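Remarks on the structure that follows.
The shown structure was predicted, so the numbers you read here are calculated from the model rather than taken from an experiment. Just so you know, ligand 1 is whichever comes first in the structure, and atom 1 is the first atom listed for that ligand. Every heavy atom of this structure was used, including side-chain atoms; hydrogens, water molecules and symmetry mates were not.
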Amino acid sequence: MSTNSLEALDSADALAPLRAQFDLPAGVTYLDGNSLGALPRAVREALNQTVDTEWGSDLIASWNKHRWIDLPVTVGEAIAPLVGAAPGQLVCCDSISVNLFKLLATALALRPGRRVILSQGDNFPTDLYMAQGLESLLGQQRCELRTASSDGLLEALDSDVAVMMLTEVNFRTGEKHDMRALTQAAHDAGALVLWDLAHSAGAMPVALDACNVDMAVGCGYKFFNGGPGAPAFLYLAKRHQNAVQQPLTGWMGHRNGFEFSPQYTPGVGVSQYLGGTPGVLGMRALQAALSLFESVSMSAVRDKSLALTETFMARVAEQPSLVAFKCLTPVSPEQRGSQVSLAHPEAFAISQALIDRGIIVDFRAPDIVRFGFAPLYNRFADVAKAVSVLEDVMESRHYEDPKYQVRAKVT
Ligand SMILES: *Cc1c(COP(=O)(O)O)cnc(C)c1O
């Protein structure tokens, strides 16, 4: 496919005008929106307003006057339609890690007599770590993490499994699970499901209610563009609410925190899953970032995402200088998220050389360069640029420069 035909794809793209609503530095091709979304202009305005008018002028009265206290629910309800959830099941709070802990404990309590958390061995580490933490807290009599490969999940779903915890799109490979089928399989085995939507929410339609999902978590700072450390979200289906108490019993999840009663009484519904004081600045930023989704359909977002990744994979496959890369991302669209992962023994140095040339990607150990495509602001021109710079880096062997071997704390 020629650069000209990619220009035609950009001209025909109905989502193209959204890019102007982001602040993207000149000369940079940003392909890391699956790690940290770009800055929506609306976020800067919202933060200025929150700092100047709300915090700066109205001070503590803002908790009521500007409804800061309601933000976990308000922002949760703004996320809900984007992941196929009816109202009353989703709150915005904490990080994915903390939300996993609360929900895993809930799942074990909802399935007495079962003690296994089943997950995928190559799930995102924090998901596994949180299950390990719960395991060491409760002891293996009551909680045991079991992992299987993607292909071995169904076989591992026995009558000990309380909950199957999976990430819909694998962070390393970009492989996407069939949420509906796996949820059904877990239910058939008497288990619950907990889906991590870190790499799907904001990049594709998600149908939590329609797939009969029990629990889910997702990220505010990836495809939702809520900013560094933006709060995460948590979904608990109506049918499971109020049956058990979650373990992190903070005052924001109390039925009436401002009673200041010494005795904890859980709040009604999903609000029980709140813990401490919400980070208002982060929530305001996320709230403003979510407003960009009001004018788009998630199926249009998905169509563009698939077209971007498909175009990128096709271009990489046809370049002789790129044959040493192994594409780990499935070719079949139903099995693909919104990123393309290329494996190469020199992946780290190659990622550094790309970043040096304005192509912002990331490296995932041990040998993966990840190219993330955010349909709200990435263009087909970005695909062309990334492939041509990658060709240059490989043909020139510039990645062999020793300066590209130096590793910082965050890759
Ligand atoms: C990014 C990501 C996380 C991040 O978790 P935090 O606790 O919010 O830092 C968790 N799980 C998956 C699958 C991720 O991709």
Side-chain angles (χ1 to χ4, degrees), residues 31-38 72 75-76 79 83 90-105 117-134 145 147 150 153 163-177 179 182 193-204 206 208 213 215-235 246 248 273-276 278-279 282-283 285-286 289 305 328-329 336-341 361-365 368 370-374 409-411:
L31 299 180
D32 217 355
N34 54 339
S35 235
L36 175 66
V75 179
I79 294 169
V83 292
L90 207 143
V91 280
C92 178
C93 57
D94 301 321
S95 58
I96 287 188
S97 304
V98 172
N99 289 334
L100 284 169
F101 187 86
K102 293 182 276 189
L103 289 175
L104 287 173
I117 297 170
L118 173 62
S119 194
Q120 213 174 307
D122 63 348
N123 198 349
F124 193 87
T126 203
D127 298 49
L128 303 175
Y129 300 159
M130 295 314 288
Q132 287 163 15
L134 198 56
L145 172 64
T147 56
S150 181
L153 289 167
V163 57
M164 180 163 74
M165 169 182 71
L166 296 175
T167 298
E168 187 180 17
V169 174
N170 185 285
F171 81 105
R172 282 197 192 85
T173 62
E175 180 172 1
K176 179 179 172 295
H177 277 308
M179 176 181 284
L182 282 164
V193 287
L194 197 181
W195 284 100
D196 186 333
L197 308 176
H199 290 276
S200 20
M204 63 191 68
V206 178
L208 292 177
V213 167
M215 305 168 175
V217 294
C219 202
Y221 55 79
K222 291 175 179 164
F223 290 105
F224 279 149
N225 312 306
F233 66 88
L234 165 165
Y235 162 94
Q246 66 103 350
L248 301 182
Y273 285 76
L274 302 178
M283 286 211 184
L286 177 56
S305 156
L328 304 181
T329 304
R336 193 161 82 235
S338 202
Q339 72 184 54
V340 177
S341 301
V361 294
D362 61 23
F363 164 76
R364 285 295 173 264
I368 298 172
R370 288 198 312 183
F371 299 80
F373 292 90
K409 204 165 176 184
V410 175
T411 61

Distance-only N or O hit between ligand 1 and His199, under 3.5 Å: yes
Minimum-distance protein heavy atom relative to atom 4 (C) of ligand 1: Tyr221 OH, 3.3 Å
Winner among Ser97, Ser35, Gly220 once heavy atoms are compared against atom 6 (P) of ligand 1: Ser97
Distance-only side-chain donor-acceptor flag, Arg370 / Ser35, under 3.5 Å: yes
Main-chain N/O of Met165 paired with Ser119 side-chain donor or acceptor, under 3.5 Å: yes
Proximity of Tyr129 to ligand 1 by residue part, where a heavy atom lies under 4.0 Å: neither
Passing option when Leu197 is tested against Val169, Val213, Leu208 for side chain to side chain contact (heavy atoms under 4.5 Å, CB included): Leu208
Taking atom 2 (C) of ligand 1 as the reference point, the nearest protein heavy atom with its distance: Lys222 NZ, 2.4 Å
N or O contact, Thr167 vs ligand 1, cut-off under 3.5 Å: no
Test: Lys222 cationic atom under 6.0 Å from Phe124 six-membered ring centre, within 45° of axis: yes
Under 3.5 Å donor-acceptor, Thr329 side chain and Thr173 backbone: yes
Distance in Å, Asn99 CG paired with Leu234 CG, rounded so as to fall on 0.5 Å steps: 4.5 Å
Location of contacts on Asp127 toward ligand 1, heavy atoms closer than 4.0 Å: side chain
Atoms in ligand 1 flagged as close to Ala198, the criterion being non-hydrogen separation under 4.0 Å: 2 (C), 12 (C), 13 (C), 14 (C), 15 (O)
Which of the ligand 1 atoms, numbered from 1, are nearer than 4.0 Å to a heavy atom of Thr126: 5 (O), 10 (C)
Proximity to ligand 1 by part of Ile96, non-hydrogen separation under 4.0 Å: both
Donor-acceptor contact below 3.5 Å, side chain Gln120 vs main chain Asp122: no
Side chain to side chain donor-acceptor pair (under 3.5 Å) between Thr126 and Ser97, intermediate numbers included: CA-CA 6 Å; Thr126 203; Ser97 304; 2.8 Å; yes
Which of the ligand 1 atoms, numbered from 1, are nearer than 4.0 Å to a heavy atom of Asp196: 10 (C), 11 (N), 12 (C), 13 (C)
